[in-house]
Protein chains: 2
Amino acid sequence: MQSHIFESYFGKYIDISPEALEFLNASFQEMNYSGREMIVESGGYAKYFYFVLSGVQALYIINEKGEKVILGFSFKGSPSGAFDSFITSKPSHFFLEALSPSKLIGINKQKFDELFERFPEFYKWRALFMEDILLGRISREVEITTMTAKKRFDAFVKRCPPELLEIPQKYLASYLNMKPETFSRLRALRD
Amino acid sequence: MQSHIFESYFGKYIDISPEALEFLNASFQEMNYSGREMIVESGGYAKYFYFVLSGVQALYIINEKGEKVILGFSFKGSPSGAFDSFITSKPSHFFLEALSPSKLIGINKQKFDELFERFPEFYKWRALFMEDILLGRISREVEITTMTAKKRFDAFVKRCPPELLEIPQKYLASYLNMKPETFSRLRALRD
DNA sequence: AATAAAAATTGATATAGATCAATTAATCAC
DNA sequence: GTGATTAATTGATCTATATCAATTTTTATT
């Protein structure tokens with residue numbers, strides 16, 4: 001694995017010692033998923049924490065009607081995983097699915113825990129990283145609780161990363177907490 | 001300040017050295033707010049990270065119609081603060097307001113930062129603490145995106161801490177992302 | 001390229017919850 | 001305690017978005 005990957009993922013927040021870098025190199029493994037392949041099943045355990053090298057993945061739950069409700073996407077450069085389960089070591093409430101052929105690097109829970117035991121300075125990364133994730137989630141929460149479908153759509157269009165233009169728009173609709181029909185109608189208003 | 005307070009807030013995740021305990025003691029200060037007093041204004045800077053000794057506080061934003069949209073409450077035993085601003089040192093998007101007379105202990109940003117410089121083992125606390133907060137926020141996000149008003153109401157009734165029975169129910173309604181009229185009607189169905 | 005499957009579009013209709021409005025109940029300030 | 005605010009309730013109506021349904025477009029498969 002190329003070390004510069006870890007520089008970009010961890011180095012944003014902390015300096016990585018050569019020993020730690022070696023440990024990371026030895027602990028992360030590359031994993032490939034085909035499009036439409038499940039990475040974590042709800043009810044199963046999230047065994048890995050990932051960084052994405054390519055492809056798009058969706059984190060979702062299934063509601064009472066059996067519909068996917070998408071909480072977020074990950075793609076090149078993002079962290080990925082079913083954090084609830086990975087953090088708590090309890091069965092996941094979420095599904096994590098590759099929406100397109102995906103290359104990820106993952107570290108298992110045991111190695112992840114070992115990382116912090118052996119290199120406690122990584123807790124700084126973990127704290128700042130979690131803060132970033134938290135701020136992102138809060139900002140989605142605010143959008144969903146305060147904005148109309150149209151506003152959410154417009155705001156999303158402005159910030160939509162190119163990777164997400166490749167996936168079926170019904171997933172984008174779900175992420176924006178609206179039906180595909182609504183998404184389509186809002187789209188028609190624009191272009 | 002009594003040291004056992006810090007045991008309960010930090011000790012859940014890490015061991016606190018006597019030196020660190022002394023630093024905490026010297027850094028946190030007690031602060032009092034009357035009911036309906038603003039603690040952080042949107043657009044202002046969140047200068048403190050708090051733990052609550054008594055009273056109830058609400059974190060909210062004001063939507064386009066000028067209505068408060070409540071994201072969360074804090075009360076005895078909870079952390080409190082406008083984390084977005086405190087973490088980023090940018091103006092807050094949120095308001096934090098005491099809904100009832102409140103006693104908090106707070107540490108300012110400078111001391112907070114110094115805490116981690118001098119006692120980096122506290123990053124472990126910060127990481128695990130943020131993970132807890134994150135899981136809580138995700139679970140609200142799931143409720144709001146997947147449940148009907150009635151289900152959210154029922155779920156909330158089951159877990160509602162006694163402190164929140166003391167505040168006007170229009171705030172609970174807002175937290176559950178519904179109008180006071182809806183809350184009232186759902187309530188009438190129950191009792 | 002032809003066929004099948006999945007996704008997107010478009011129209012008609014339904015509905016959960018919002019809004020508006022009036023009344024009653026609770027809390028606050030003096 | 002009394003009047004004044006503020007909150008809660010209840011009813012009537014409205015609306016954004018969901019739902020249902022039919023058609024077209026796109027994508028995948030052989």
Side-chain angles (χ1 to χ4, degrees), chain A residues 33-38 55-56 58 60 62-70 73 97-101 143-157 160 163-191, chain B residues 33-38 55-56 58 60 62-70 73 97-101 143-157 160 163-191:
Chain A
Y33 292 89
S34 59
R36 295 299 160 84
E37 190 176 350
M38 207 62 81
V56 177
Y60 61 86
I62 303 279
N63 69 12
E64 294 179 333
K65 296 185 205 151
E67 302 161 333
K68 293 178 184 179
V69 177
I70 294 191
F73 301 106
E97 183 183 333
L99 298 184
S100 59
E143 286 202 356
I144 286 180
T145 52
T146 66
M147 292 161 74
T148 61
K150 167 121 183 58
K151 295 241 172 199
R152 294 199 301 279
F153 177 85
D154 290 344
F156 180 73
V157 165
C160 181
E163 286 84 353
L164 298 188
L165 298 176
E166 305 301 319
I167 64 173
Q169 71 186 32
K170 64 176 181 164
Y171 295 122
L172 304 179
S174 172
Y175 173 72
L176 293 174
N177 206 34
M178 66 183 71
K179 297 291 148 183
E181 293 93 331
T182 302
F183 189 98
S184 170
R185 285 184 242 264
L186 292 170
R187 198 165 183 269
L189 293 181
R190 303 227 107 217
D191 47 34
Chain B
Y33 292 90
S34 59
R36 295 300 160 82
E37 191 176 350
M38 206 62 82
V56 177
Y60 60 87
I62 302 280
N63 69 12
E64 293 179 332
K65 296 185 204 151
E67 301 161 333
K68 293 178 184 179
V69 177
I70 295 192
F73 300 106
E97 183 184 334
L99 299 183
S100 58
E143 286 202 356
I144 287 179
T145 52
T146 66
M147 291 161 76
T148 61
K150 167 122 183 58
K151 296 241 171 199
R152 295 200 299 280
F153 177 86
D154 289 344
F156 180 73
V157 165
C160 180
E163 287 84 353
L164 297 187
L165 298 176
E166 305 301 319
I167 63 173
Q169 70 185 33
K170 63 174 182 165
Y171 294 122
L172 303 180
S174 171
Y175 173 71
L176 293 175
N177 206 36
M178 65 183 73
K179 297 292 148 183
E181 292 93 331
T182 302
F183 189 97
S184 170
R185 285 185 243 264
L186 292 172
R187 197 163 185 271
L189 293 183
R190 303 226 107 219
D191 47 36

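Chain identifiers are assigned alphabetically (A, B, ...) following the order of the sequence lines, protein sequences preceding nucleic acid strands; residue numbering begins at 1 within each chain.
- If you take CE of A/Met178 and P of C/dT9, they are 13 Å apart, rounded to a whole angstrom.
- Of the candidate nucleotides D/dA18, D/dC20, D/dA8, D/dA18 has the atom lying nearest to any side-chain atom of A/Lys65.
- By the 30° and 60° cut-offs, the orientation of the rings of B/Phe153 relative to B/Phe183 is perpendicular.
- Taking atom CG of residue A/Leu176 and atom P of nucleotide D/dA16, one finds them 19 Å apart after rounding to whole Å.
- For C/dT27, the base has no donor-acceptor partner in the side chain of B/Arg36 [N/O atoms by modelled type, under 3.5 angstrom].
- For the OP1/OP2 pair of C/dA8 and a distance below 4.0 Å, the side-chain nitrogens and oxygens of A/Ser184 include no atom meeting the criterion.
- More than 12 heavy atoms of other residues, nucleotides or ligands shown are found within 6.0 angstrom of NZ on B/Lys150.
- For B/Leu172 and D/dT9, the CG to P distance is 11 Å, given to the nearest whole Å.
- A salt bridge links A/Glu67 and A/Lys179; the closest N-O separation between the charged side-chain nitrogens and carboxylate oxygens is under 4.0 Å.
- Across the protein-nucleic acid pair, B/Leu186 atom CG and C/dA18 atom P stand 9 Å apart, rounded to whole Å.
- Neither OP1 nor OP2 of D/dT17 sits under 4.0 Å from any side-chain N or O of A/Lys150.
- Remark: the backbone N or O of A/Lys151 is paired with a side-chain donor or acceptor of A/Thr148 at under 3.5 angstrom.
- Atom CD of A/Glu166 is separated from atom P of D/dT26 by 15 Å (rounded to the nearest Å).
- Of the candidate nucleotides D/dA7, C/dT10, C/dA8, C/dA8 has the atom lying nearest to any side-chain atom of A/Gln169.
- With rounding to whole Å, A/Lys170 atom NZ is found 14 Å from D/dT27 atom P.
- Within the 3.5 Å criterion, the main-chain N or O of B/Ile70 finds a donor-acceptor partner in the side chain of B/Ser174.
- Regarding B/Leu99, its CG atom lies at a distance of 14 Å from the C1' atom of D/dA7, rounded to whole Å.
- Atom-to-atom, CZ of B/Arg185 to C1' of C/dT23 comes out at 14 Å; the value is rounded to the nearest Å.
- Counting distance only, with no hydrogens placed and no angle test, the side-chain atoms of B/Arg187 and the base atoms of D/dT10 include no donor-acceptor pair under 3.5 Å.
- For A/Pro168, the side-chain atoms get nearest to C/dA8 when compared with the rest of D/dA8, C/dA8, D/dT10.
- Between C/dA7, D/dA7, C/dT19, one nucleotide has an atom nearer to the side chain of B/Tyr171 than all others, and that is D/dA7.
- Minimum atom distance to the side chain of B/Thr148 is reached by C/dG17, of the listed C/dG17, D/dT10, C/dA8.
- Across C/dA18, D/dC20, D/dA7, the shortest atom-to-atom separation from the side chain of B/Lys179 is found for C/dA18.
- Residue A/Thr182 places at least one side-chain N or O under 4.0 Å from the OP1 or OP2 atom of D/dA18.
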